[in-house]
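Below is one structure, written out as C-alpha cells, with a few remarks after it.
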There are 2 protein chains.
Amino acid sequence: MDPALKRWVEETALLFEAAGLPRMAGRVLAFLLVAEPAEQSAKEMGEALSASKGALSGALNLLTRLQLVERLRRPGERADRYAVRPGAWRRLLLEKARTLALYREQAEKGLALVGEARGERLREMRDLYAFFERELPKLLERFPGEA
Amino acid sequence: MDPALKRWVEETALLFEAAGLPRMAGRVLAFLLVAEPAEQSAKEMGEALSASKGALSGALNLLTRLQLVERLRRPGERADRYAVRPGAWRRLLLEKARTLALYREQAEKGLALVGEARGERLREMRDLYAFFERELPKLLERFPGEA
DNA sequence: CAGTAAGTTTTGTCAATAGTGAACTTTTGA
DNA sequence: TCAAAAGTTCACTATTGACAAAACTTACTG
C-alpha cells in the first residue's frame, strides 16, 4: 500500500476514534474507504494493517453491527469479504440523532427530581435536545442521497 | 444530597462521558445542573461528589475552557464559585458542528490521494458532511434561545 | 466424511488515563 | 507583611481497554 495512503488511513482512524470507535475499527473503516477492490477479506486487511485475526474479528463484527460495513461472500470463495455499506454516513448520523433522545430523557428525569420550578438549567437542556430530535431527521431527509 | 439525585448525577455523568467528557468533568457538570444554589465552590463539590481537590481543579478548568461553566467570585468571598453557563448546550452543539469540517477535509485529502474517479465512497462521505456543515448552523439559529 | 481454512473466544501483556494525596505556588484578607 | 485558605502541579496507583497470540469451533470443499 502507498505510504501516503497508509498515513491517511492512520490519521482517519484517529478521527474516527475521537467519534467513539475503537482504534482498530477506525483503521478498518478508513482502509475500506480507499481499498481496491472495495470488497476485502480479513486476511488482506490483516496484511495491509499489520493486525491480528482476533483484533480484526472484533472490529469487523462491531462495524457490521453498526451497519457501517457489510459482510458478503463471493461464490466459490472460502473467506468472507467486507465493504463499506452505501449510505453508511447517513446511517451513522441517524444513529447519533437517536442518542439525542437519551439526553432529553435524562434532562426530564432530572426535572422530575428537582421540580419544574427549580429547573431552569435542565429545561434549557431538554428543550434544545428536543428541538434537535425533531429537526435532525427532517434535515437528513432533505439530503439528496440513497437509502 | 438526596440519594436519588446522587444516582441521577452519576447516570448523567456516564452519558456525558459517552459524549467525550472525562468522567469527573461529567460528574461536575451534572451536579451543577441540579445544585442549589446554582453557584458552587470547589470545596462544596468535593464534598458532594467525594472527589479530591486536584481532580476538581482539572475538571473545572476543562469545563471552563469549553465554556460550559463559568467561574465567578462573590464579593468578600475567598473561593471561586462555578455555575453552568446559560447557552451551554447551544455552545456544545456548535462545537460539534465545527468538527464536521474535520471529517469533510479528511475525505477531501483522501480524494486527492485516490483520485475523484476511484472515490465514490469518499465522495459520499464528503458530501454528507459538507451538507451538515452548511445546514447545522442554520438550524441552530432557528432555535429560540439565548446566546 | 475427513482435512483444512476461516472465524471466534480466551488469556496475558502493555499502554493510556483518571484520580488521590501531597508538595508547592498564589492569592487575599487581616 | 504575614498566615491561612484556595488553587495548581506532580508522583504514584489502580483501572480500563486494546491488541497479539494461541487454543478452540465452525463450516466448506474435495
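Just so we're on the same page: letters track the sequence lines, and every chain starts at 1.
Using a 4.0 Å heavy-atom cutoff across all strands shown, B:Ala55 reaches at least one base atom of the nucleic acid. B:Glu77 comes within contact range of the sugar-phosphate backbone alone, with a heavy-atom separation under 4.0 Å but no base atom that close. Within 4.0 Å of B:Arg71, counting heavy atoms only, lie sugar-phosphate atoms of the nucleic acid but no base atom. Among the heavy atoms of the strands lying under 4.0 Å from B:Arg23 are primed sugar atoms or P, OP1, OP2 only; no base atom is included. Residue contacts shown for A:Arg27 are limited to sugar-phosphate atoms, with no base heavy atom under 4.0 Å away.
Looking at A:Gln40 and A:Arg81, their side chains never bring a donor and an acceptor atom within 3.5 Å of each other.
Atom CG of B:Leu21 and atom P of C:dA18 are 11 Å apart (whole Å). Between A:Glu44 atom CD and C:dG7 atom C1' the separation is 16 Å, expressed in whole Å. The distance from atom CE of A:Met24 to atom P of D:dA21 is 11 Å, rounded to the nearest whole Å. One interatomic measurement links the two molecules: CZ of B:Arg74 to P of D:dA6, which rounds to 14 Å at whole-angstrom precision. One can place CG of B:Asn61 at 14 Å from P of C:dA18, the figure rounded to the nearest angstrom. The interatomic distance linking B:Leu62 (CG) with C:dA18 (C1') rounds to 13 Å, in whole Å. Nucleotide D:dA6 holds its C1' atom 12 Å from the CG atom of B:Leu60, rounded to whole Å. Remark: P of C:dT8 and CG of A:Leu63 are 13 Å apart, rounded to the nearest angstrom.
Which of C:dG7, D:dA4, D:dT8 sits closest to the side chain of B:Arg78 comes down to D:dA4. Checked against D:dA20, D:dG7, C:dG7, the side chain of A:Lys53 finds its nearest nucleotide in C:dG7. Side-chain proximity of B:Ser52 to C:dG7, C:dT20, D:dG7: nearest is C:dT20. Residue A:Lys43 has its side chain nearest to C:dA6 when only C:dA6, D:dT8, D:dA18 are considered.
Both A:Leu56 and B:Ser41 lie close to DNA chain D; mapped to their nearest nucleotides by heavy-atom distance, the more 5′-ward contact belongs to B:Ser41. If A:Arg73 and A:Leu49 are placed on DNA chain D by their nearest nucleotide, the residue sitting closer to the 5' end is A:Leu49.
At distances below 3.5 Å, not a single donor-acceptor pair connects side-chain atoms of B:Gln67 with backbone N or O atoms of B:Ala88.
Atom CZ of A:Arg73 is surrounded by more than 12 heavy atoms from other residues, nucleotides or ligands within 6.0 Å.
Remark: B:Lys138 engages B:Glu135 in a salt bridge, criterion side-chain N to carboxylate O under 4.0 Å.
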**CA sep, side-chain torsions, deciding dist, call: B:Tyr82, B:Met45, side chain to side chain contact (heavy atoms under 4.5 Å, CB included)** = CA-CA 10 Å; B:Tyr82 302 85; B:Met45 292 191 263; 3.7 Å; yes
